[in-house]
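All figures in this text were calculated on a predicted structure; none of them were measured in a lab. Below, each value reflects all heavy atoms present in this structure, side chains not excepted, and no hydrogens, waters or symmetry copies.
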Amino acid sequence: MKIAVAGTGYVGLVTGTCLAGVGHTVVCVDKNEAKIEMLHRGESPIYEPGLETEVKAAQKAGKLSFTIDYKKAYLDADVIIVGVATPENADGSASLQALYTVCGEIADSIEKPTLVVIKSTVPIGTNDKLANHFKRILGEERQGLVEIASNPEFLSQGTALRDTLHAERIVIGTESAVATETLTAMYAPFGQPILTMNRRSAEMVKYASNDFLALKISFVNDIANLCEVVGADIEEVTRGMGTDSRIGKQFLSPGIGYGGSCFPKDTKALHWLSEEEGYTLRTVQAAIAVNEKQRFKLIQAARKDIPQFTGKKIAVLGATFKPGTDDLREAPSIPNLQLLLNQGADVHVYDPVGLPNLENVFGDSLTYGDSIANVLENADACFIFTEWQEIKEMDLALFQTMAEPLVYDGRNCFSLQAARDAGLSYYSIGRAKIGGTVLA
């Protein structure tokens with residue numbers, strides 16, 4: 001098929017590249033000329049393991065191209081996939097401005113019947129509204145040129161290629177047999193289970209899936225907080241829970257909350273939508289509240305040992321919202337770094353890939369280290385916000401180069417016994433605290 005993809009962010013670029021990889025002819029459209037120039041050179045504008053190699057391979061095979069000329073891209077496409085951002089509005093609702101802009105551009109460009117596939121995460125009912133929008137803007141002479149289908153994505157940053165090429169299911173929401181047949185044929189080369197349903201159900205699957213995972217994270221964090229109070233060990237608790245096949249082991253890791261481009265936005269958007277419809281999703285509301293409070297657990301623990309941060313050298317290991325990505329969106333590190341700076345700390349940060357983006361946020365307010373050892377030397381305390389493998393496998397003896405080996409671990413990177421053996425004063429989530437030193 002000839003496929004056009006609107007947007008070259010995580011969703012658009014990964015989807016377009018994978019579709020080209022199985023033999024479709026794909027052109028990706030973006031208004032950012034700098035990004036398109038990078039892609040022409042075979043360079044990925046986003047950090048995603050393996051993506052740049054796949055982009056180059058698809059380009060070399062003549063199956064993948066990039067352009068800013070949307071009219072040319074959309075003109076003869078059989079399918080147009082829309083993967084533009086739907087960021088959070090100030091009130092928590094999803095912004096659909098970019099989506100409607102692309103739909104207007106599609107209407108201006110097409111001359112033959114085209115299936116427009118909405119892969120962006122959108123509130124339930126949006127696909128129906130877009131279908132009516134096309135009816136209005138196409139006019140009587142061009143009625144019937146566009147059909148809308150919902151095809152939500154379920155990829156995770158850091159594993160996006162694997163999640164697309166080896167998905168557990170593909171969800172498509174359509175209102176006609178023709179649209180179902182077209183999308184089924186498009187995805188047939190992937191050999192994955194395809195679930196067909198109506199558009200509103202497909203939209204809800206995306207929100208319900210993401211919000212359930214966010215609920216699971218907030219639940220285990222709530223239990224971890226209680227474990228600290230009653231003397232239980234959250235890792236023993238989750239080991240017992242995870243062996244139950246009804247619960248499963250995934251998303252049971254305690255920490256300082258979820259971040260990224262999906263969970264925070266999608267929980268708030270579904271909560272907002274339910275409130276607009278006169279129904280309160282109390283479980284989702286609770287997940288949001290727990291997550292907001294959880295992100296400051298390390299600072300709260302540190303204040304018991306460090307009455308004031310002014311003039312203290314604070315080491316920070318990990319800044320991105322999770323390993324395997326350079327994305328800082330809704331990363332718990334960001335408000336914590338700002339809080340430390342506001343309280344007069346001298347903050348030194350190390351992250352394997354996230355420092356350039358972090359510097360775009362904080363400028364020269366932070367000191368950016370080139371290694372774990374560099375930021376730890378003579379530090380008064382250390383905060384761990386991201387569980388990069390490099391951090392989990394580090395030599396704990398490096399903490400002894402600190403002025404005081406005070407370590408506040410928001411991702412439980414080390415075993416308690418290893419922390420004891422290394423002579424650390426060590427606080428982690430949902431486990432017993434080891435040692436304790438009060439600084440002046």
Side-chain angles (χ1 to χ4, degrees), residues 1-22 24 26-30 46 48 51 64 66 70 73-74 77-87 94-103 105-106 114-131 133-134 146-157 159-161 163-165 167-175 179-180 182-187 189-190 192 194-210 260-262 265-266 269:
M1 294 182 185
K2 290 184 177 180
I3 300 170
V5 178
T8 59
Y10 275 96
V11 174
L13 184 55
V14 171
T15 300
T17 300
C18 290
L19 286 168
V22 297
H24 298 296
V26 180
V27 55
C28 292
V29 183
D30 202 291
I46 57 177
E48 182 64 37
L51 180 57
L64 181 63
F66 303 94
Y70 66 81
Y74 300 153
D78 301 310
V79 175
I80 301 174
I81 297 173
V82 183
V84 296
T86 53
S95 172
L96 305 179
Q97 181 177 350
L99 187 63
Y100 275 92
T101 297
V102 169
C103 289
E105 293 168 350
I106 291 171
T114 306
L115 180 63
V116 176
V117 180
I118 307 302
K119 191 167 275 292
S120 303
T121 301
V122 295
I124 294 83
T126 298
N127 279 267
D128 291 348
K129 293 176 182 177
L130 290 174
H133 179 65
F134 271 111
V146 168
E147 179 161 7
I148 297 287
S150 174
N151 175 217
E153 51 82 18
F154 300 98
L155 59 84
S156 296
Q157 289 164 248
T159 58
L161 284 174
D163 296 340
T164 304
L165 294 171
E168 294 178 318
R169 84 291 201 197
I170 295 171
V171 174
I172 57 176
T174 62
E175 303 298 327
T180 301
T182 299
L183 282 178
T184 299
M186 185 181 82
Y187 280 119
F190 290 92
Q192 298 161 357
I194 297 175
L195 307 181
T196 61
M197 58 194 71
N198 63 35
R199 291 189 299 225
R200 288 184 178 235
S201 295
E203 291 167 331
M204 181 63 89
V205 168
K206 170 64 176 178
Y207 275 109
S209 297
N210 273 7
S261 61
C262 293
K265 175 174 70 72
D266 292 352

Self-check item: Separation of Leu195 CG from Ser201 OG (nearest 0.5 Å)
Solution: 11.5 Å
Exercise. Tell me, please, which residues at least two apart from Thr174 pass side-chain hydrogen bond (donor to acceptor under 3.5 Å, both in side chains).
Key: Thr180
Practice problem: With the side chain counted from C-beta on, respond yes when Tyr187 and Asn151 share a heavy-atom pair under 4.5 Å apart, and no when they do not. | Solution: yes
Quiz item: Taking the side chain as C-beta and beyond, is there a heavy-atom pair between Leu19 and Pro189 under 4.5 Å?
Solution: no
Quiz prompt | Interatomic distance, Ile170 atom CD1 to Thr164 atom OG1 [nearest 0.5 angstrom] | solution = 9.0 Å
Self-check item: Side chain to side chain, Leu51 and Leu161, heavy atoms closer than 4.5 Å
Solution: yes
Practice problem: Provide the closest heavy-atom pair for Val102 versus Tyr74 in the form atom of the first, atom of the second, distance. | Solution: CG1-OH, 4.0 Å
Quiz prompt | Residues forming a salt bridge (charged side-chain N to carboxylate O under 4.0 Å, His left out) with Glu203, sequence neighbours excluded | solution = none
Quiz prompt | Between OG1 on residue Thr182 and CG on residue Asp78, distance to nearest 0.5 Å | solution = 8.5 Å
Practice problem: To the nearest 0.5 angstrom, please state how far the CG atom of Leu64 sits from the NE2 atom of His24. | Solution: 13.0 Å
Quiz item: Which residues pass the salt bridge (charged side-chain N to carboxylate O under 4.0 Å, His left out) test with Glu105, sequence neighbours left out?
Solution: Lys31
Practice problem: Answer whether the closest heavy-atom distance between the side chains of Ile106 and Thr114 falls below 4.5 Å. | Solution: no
Quiz prompt | Atom CE of Met204: over 12 foreign heavy atoms under 6.0 Å | solution = no
Quiz item: If you look at every heavy atom in Leu115 and Ala179, which pair is closest and at what distance?
Solution: CD1-CB, 3.9 Å
Practice problem: Report yes if some heavy atom in the side chain of Pro152 is under 4.5 Å from a heavy atom in the side chain of Thr121; otherwise report no. | Solution: no
Quiz prompt | Minimal non-hydrogen separation, Val26 against Ala20, with atom names | solution = CG2-N, 3.7 Å
Exercise. Go through Met197 and Val171 one step at a time and tell me if the side chain to side chain contact (heavy atoms under 4.5 Å, CB included) criterion holds.
Key: CA-CA 8 Å; Met197 58 194 71; Val171 174; 3.9 Å; yes
Quiz item: From His133 NE2 over to Leu99 CG, what is the distance, rounded to the nearest 0.5 angstrom?
Solution: 9.0 Å
Practice problem: Considering non-hydrogen atoms only, spot the tightest contact between Ala167 and Gln192 and give its length. | Solution: N-NE2, 3.2 Å
Exercise. May I have the step-by-step check of side chain to side chain contact (heavy atoms under 4.5 Å, CB included) for Leu130 and Tyr100, ending in yes or no?
Key: CA-CA 8 Å; Leu130 290 174; Tyr100 275 92; 3.7 Å; yes
Self-check item: Glu175 CD to Asn198 CG distance, which is reported to the nearest 0.5 Å
Solution: 5.5 Å
Practice problem: With sequence neighbours excluded, tell me which residues meet side-chain hydrogen bond (donor to acceptor under 3.5 Å, both in side chains) with Thr159. | Solution: Asp163
Quiz item: Yes or no on side chain to side chain contact (heavy atoms under 4.5 Å, CB included) for Ser95 and Thr86, after CA distance, side-chain angles and deciding distance?
Solution: CA-CA 5 Å; Ser95 172; Thr86 53; 6.0 Å; no
Quiz item: Of the non-hydrogen atoms in Phe134 and Cys103, which two are nearest, and what is the gap between them?
Solution: CE2-O, 3.3 Å
Would you tabulate the side-chain donor-acceptor contacts of residues 2-18 under 3.5 Å, counting partners in other chains and residues two or more places apart, or write 'none'?
unit_1: Lys2; atom_1: NZ; unit_2: Asp76; atom_2: OD2; d: 3.3
unit_1: Thr8; atom_1: OG1; unit_2: Asp30; atom_2: OD2; d: 2.7
unit_1: Thr8; atom_1: OG1; unit_2: Lys35; atom_2: NZ; d: 3.3
unit_1: Tyr10; atom_1: OH; unit_2: Tyr47; atom_2: O; d: 3.1
unit_1: Tyr10; atom_1: OH; unit_2: Thr325; atom_2: OG1; d: 3.1
unit_1: Thr15; atom_1: OG1; unit_2: Val11; atom_2: O; d: 2.7
unit_1: Thr17; atom_1: OG1; unit_2: Leu13; atom_2: O; d: 2.7

Quiz item: Side chains of Lys119 and Val82: does their closest heavy-atom pair fall under 4.5 Å?
Solution: no
Quiz item: Would a 4.5 Å heavy-atom cut-off, applied to side chains only, mark Thr126 and Ile118 as touching?
Solution: no
Quiz prompt | From CA spacing to verdict: side chain to side chain contact (heavy atoms under 4.5 Å, CB included), Glu153, Lys206 | solution = CA-CA 7 Å; Glu153 51 82 18; Lys206 170 64 176 178; 3.2 Å; yes
Quiz prompt | Beyond-backbone contact of Arg199 with Ile148, side-chain heavy atoms, under 4.5 angstrom | solution = yes
Quiz prompt | Set of side-chain hydrogen bond (donor to acceptor under 3.5 Å, both in side chains) partners for Glu48, sequence neighbours left out | solution = none
